[in-house]
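Numbers restart at 1 for each chain; the letters A, B, ... are given by sequence-line order, proteins then strands.
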2 protein chains.
Amino acid sequence: MNALTFESKPAWDTKDWQLLEALQQDARQGYAELGRKVQLSAPAVAERVKRLEEAGVITGYRAAINPKRLGYDIEAMIRLRCDGGTCARVGQLVVGIPEVLDCRRLAGEDSALLRVVAMSIAHLEDVLDRILKIHSSISTTTLIVLQTSHENRPLTLAMRNAAQLTQER
Amino acid sequence: MNALTFESKPAWDTKDWQLLEALQQDARQGYAELGRKVQLSAPAVAERVKRLEEAGVITGYRAAINPKRLGYDIEAMIRLRCDGGTCARVGQLVVGIPEVLDCRRLAGEDSALLRVVAMSIAHLEDVLDRILKIHSSISTTTLIVLQTSHENRPLTLAMRNAAQLTQER
DNA sequence: GCTGAAATATCCTGGTG
DNA sequence: CACCAGGATATTTCAGC
């Protein structure tokens, strides 16, 4: 039983990572085109992608929407502070507020962080009121997003390699 | 010249929204299947989707990845405070740090907010150091993500209708 | 926006190193 | 065990209406 025993699952090789990168950039390209990019046949690509899906690495394929073009001109991050019991259930508590696009529970100064969209300042106020109405222990800090310079940047092989170096030094 | 003049672009109708919802849930389904869901023929679906793409409503199709399954066990939000000139260029300044997945410039208590991933606490420390090295005026608050209860929740027609009510009351 | 045909892509089976 | 090759099936795309 040597070190390789623990590495019996060779994790993901370079081609898997290339497929991940390509699919993060454009999820609708066909297996044939992906195969051209990673130098593999279409069925081989299909098999690898299926493995990545089954392993839970790829969790789905989603269309990216620009909320501004649908009239949601305002995006804001809302920092939440609340008591323990309320925090623990933040997810359930905001599920009824569709303007809340992201919801994360945090360890640190803030209990949770929400990302919300709104069509106007009046609408944002309305959303904030609905959040505050959840529980009296909640207090919020609202920060308007001026610009989103990066969003959902793809995980890349280059990044993984750099991380390896950090681990090893 | 009546009110309808300004509404000459009928914005997006119910079927467009249904297509958007379907594509946010699964970007890989074919036009035929989409057509079945919204009660339209495949070519009609293709044309609407193309219009949504050209209007910038749909900005792309991306595979959703679970960073944990690739060894990135840690996710953190980093609040940034820095001087005006530095803030204005946050996007460019962090572009060289691939662990920074999201970067938003904010109006309010914090100047910017980053979402980062890391493989370990040591790796997170390394990322933080690289961020601090950008400029001496930067100070940070790091918040570890305990749980992501919602991420990129889809924009829905129901939501749009509710917002309309807010505007009108 | 619908129908029908041509081109293309996907999926499945089998075969090879 | 992973990859490639081929044919059956389904999908996209472009005509014409």
For this session: State plainly whether the residues A/Arg48 and A/Glu53 are in salt-bridge range, i.e. N to O under 4.0 Å.
Result: no
Problem set entry | Per-nucleotide protein contact string for nucleotides 8-17 of chain C (B base, S sugar-phosphate only, - none; heavy atom under 4.0 Å) | --SSB-----
Problem set entry | Stepwise side-chain hydrogen bond (donor to acceptor under 3.5 Å, both in side chains) check, A/Gln39 with A/Lys15 | CA-CA 8 Å; A/Gln39 216 79 357; A/Lys15 290 198 190 298; over 6 Å; no
Problem set entry | Protein-nucleotide distance (A/Lys50, atom NZ; D/dC3, atom C1'), rounded to Å | 16 Å
Exercise. Do A/Tyr31 and A/Ile58 belong together in a cluster built from hydrophobic side chains that touch within less than 4.5 Å?
Worked result: yes
Exercise. Of the options B/Ser111, B/Ser137, B/Ser136, which is the one that meets B/Asp83 in a side chain to side chain donor-acceptor pair (under 3.5 Å)?
Worked result: B/Ser137
Exercise. What integer distance in Å separates A/Glu47:CD from D/dC1:C1'?
Worked result: 9 Å
For this session: Check the distance between C/dG1's C1' and B/Arg48's CZ and give it to me in whole angstrom.
Result: 9 Å
Seminar exercise, completed: Nearest heavy-atom approach of B/Trp17 to B/Arg160 is CZ2-CG, 3.5 Å
